[in-house]
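Below is one structure, written out as structure tokens; the observations come after it.
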Amino acid sequence: MPELLEVEAARTLVEALALNRPIAAVRAPDTWYLKRGLTPRAVRKALPGRRLTTARRRGKLLLVDTSGERSELAGAASVRGAGNPPRSECDQSAGPTIGLHLGMSGRVLIDGEAAGDPLLYASNRENVQWHRFIIEFADGGRLAMRDPRRLGAVELDPDEDRLGVDALELALPYLRSVVSRSRAPLKAVLMDQSRIAGLGNLLVDEALWRAGLDPARPAESLDAGEQVRLRRAIATTLRVLGRRGGSHTGDLMVARLPGGLCPKDGVALLRRTVGGRTTYSCPRHQL
DNA sequence: GATGACCTGTGA
DNA sequence: TCACAGGTCATC
């Protein structure tokens, strides 16, 4: 369920609470959670001694940069014997970038604090077994990835370019080029992270509902006016739902259930699979 | 571009 | 007991 808005909330949390605190240790109890060949040992080697310097976001990917220099930590694996030359990473101006994918039930906790409202479709009970990746700071605090469903992931130096333009930076000419070049269902194009990054199932349904566009329509069938409406609806959806507190605060959300009625004109909503995802839309005003 | 698998908590 | 939620990836 974390879509762009939830990841942005997590980013803000990291930025506010976790930067510039020396890392004492890293725990990755769930090996499965580490992706692209990353191992607990490699993480323990790469991060202790560094600080988190920047919290960025591209689409649904949370990126946390680390410092190049490593502070001395008594007993930490990074401490070398006297006279040893520093490791090559120590000479670089920046350390590795931590890539956090929240998957569908992941949250970032810092010193026990989480951003935003509890997630849907995910338990909100506490259970330390769900902490898949933990950064322990030298000051005793910690950053933890909590993910009951294990669909999230952690990697180092993720390939950021596999993601397209961030949905918050979506300009009309780019949207136009993306949409006009595909015969796929409009919804599938909007959810394709390599073209537009950040929109998930709920945000797309809400934006299309606001734009009055049928999710199943071939993307290329949109005329110029509809493209403008779509861009505005995406921007409005992100702004309004962002203020309200997340992807699940949309007007359509209350009706996302079998037999739900369109909040705009009271007609029974259509429920079907579009672009591989459960999709709700209004047969009356989404054309 | 569509489909199914991954994974597990939830609610019927 | 089982369908379902959904981001992402491999496979068709």
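Just so you know, these numbers use all the heavy atoms, side chains as well, and skip hydrogens, waters and symmetry mates. Within every chain, numbering begins at 1; the chains are lettered A, B, ... in the order of the sequence lines, protein sequences first and strands thereafter. Only a predicted model underlies this, so the values are computations on that prediction, with no experimental measurement involved.
Counting any heavy atom pair closer than 4.0 Å across all strands shown, A:Arg181 reaches no nucleic acid atom. Among the atoms of the strands shown, only primed sugar atoms or phosphate atoms (P, OP1, OP2) are found under 4.0 Å from some heavy atom of A:Arg150.
For A:Thr53 and A:Asp65, the side-chain atoms include no donor-acceptor pair closer than 3.5 Å. With no hydrogens or angles considered, a side-chain donor-acceptor pair links A:Arg217 and A:Ser221 at under 3.5 Å. A:Ser247 and A:Glu6 form a side-chain donor-acceptor contact under 3.5 Å, judged by distance and modelled atom types alone.
In terms of modelled atom types and a separation under 3.5 Å, the side chain of A:Arg162 and the main chain of A:Asp159 share a donor-acceptor contact. With hydrogens and angles ignored, the 3.5 Å screen pairs no side-chain donor or acceptor of A:Thr273 with any backbone N or O of A:Gly276.
Two residues, A:Arg277 and A:Asp192, neighbour DNA chain B, and the one matched to the more 5' nucleotide by heavy-atom proximity is A:Asp192.
A:Arg149 places its CZ atom 10 Å from the P atom of B:dT8, with the value rounded to the nearest Å. Nucleotide C:dT8 holds its P atom 14 Å from the CG atom of A:Asp159, rounded to whole Å. The separation between A:Trp130 atom CH2 and B:dC7 atom P is 17 Å, rounded to whole Å. Per the geometry, OH belonging to A:Tyr33 stands 18 Å off P belonging to B:dC6, to the nearest Å. When the C1' atom of C:dA10 is taken as reference, atom CZ of A:Arg162 falls 14 Å away, rounded to whole Å. Nucleotide B:dT8 holds its C1' atom 16 Å from the NE2 atom of A:His131, rounded to whole Å. The CZ-C1' distance, from A:Arg36 to C:dC9, rounds to 14 Å in whole Å. In this entry the distance linking CE of A:Met104 with C1' of B:dT8 reads 10 Å, nearest Å.
Under the side-chain contact (heavy atoms from CB on, under 4.5 Å) rule, A:Leu143 has a single partner from A:Ile134, A:Leu109, A:Leu52, which is A:Leu52.
Checking the phosphate oxygens (OP1, OP2) of B:dG1, a side-chain nitrogen or oxygen of A:Arg195 falls inside 4.0 Å. Applying the 4.0 Å criterion to OP1 and OP2 of C:dT8, one finds that A:Lys60 has a side-chain N or O inside that range. Contact annotation: A:Ser105 side-chain N/O to C:dA5 OP1/OP2 distance is not under 4.0 Å. In this model, the phosphate group of C:dA5 is approached by a side-chain N or O of A:Thr278 to a distance below 4.0 Å at OP1 or OP2.
Atom CG of A:Leu163 and atom CZ of A:Arg57 lie 10.5 Å apart (nearest 0.5 Å).
The bend of the helix from B:dG1-C:dC12 to B:dA12-C:dT1, defined by the angle between the axes of its first five and last five pairs, stands at 50° to the nearest 10°.
Taking 3.5 Å as the limit, the base of B:dG1 and the side chain of A:Arg183 contain no donor-acceptor pair of atoms between them.
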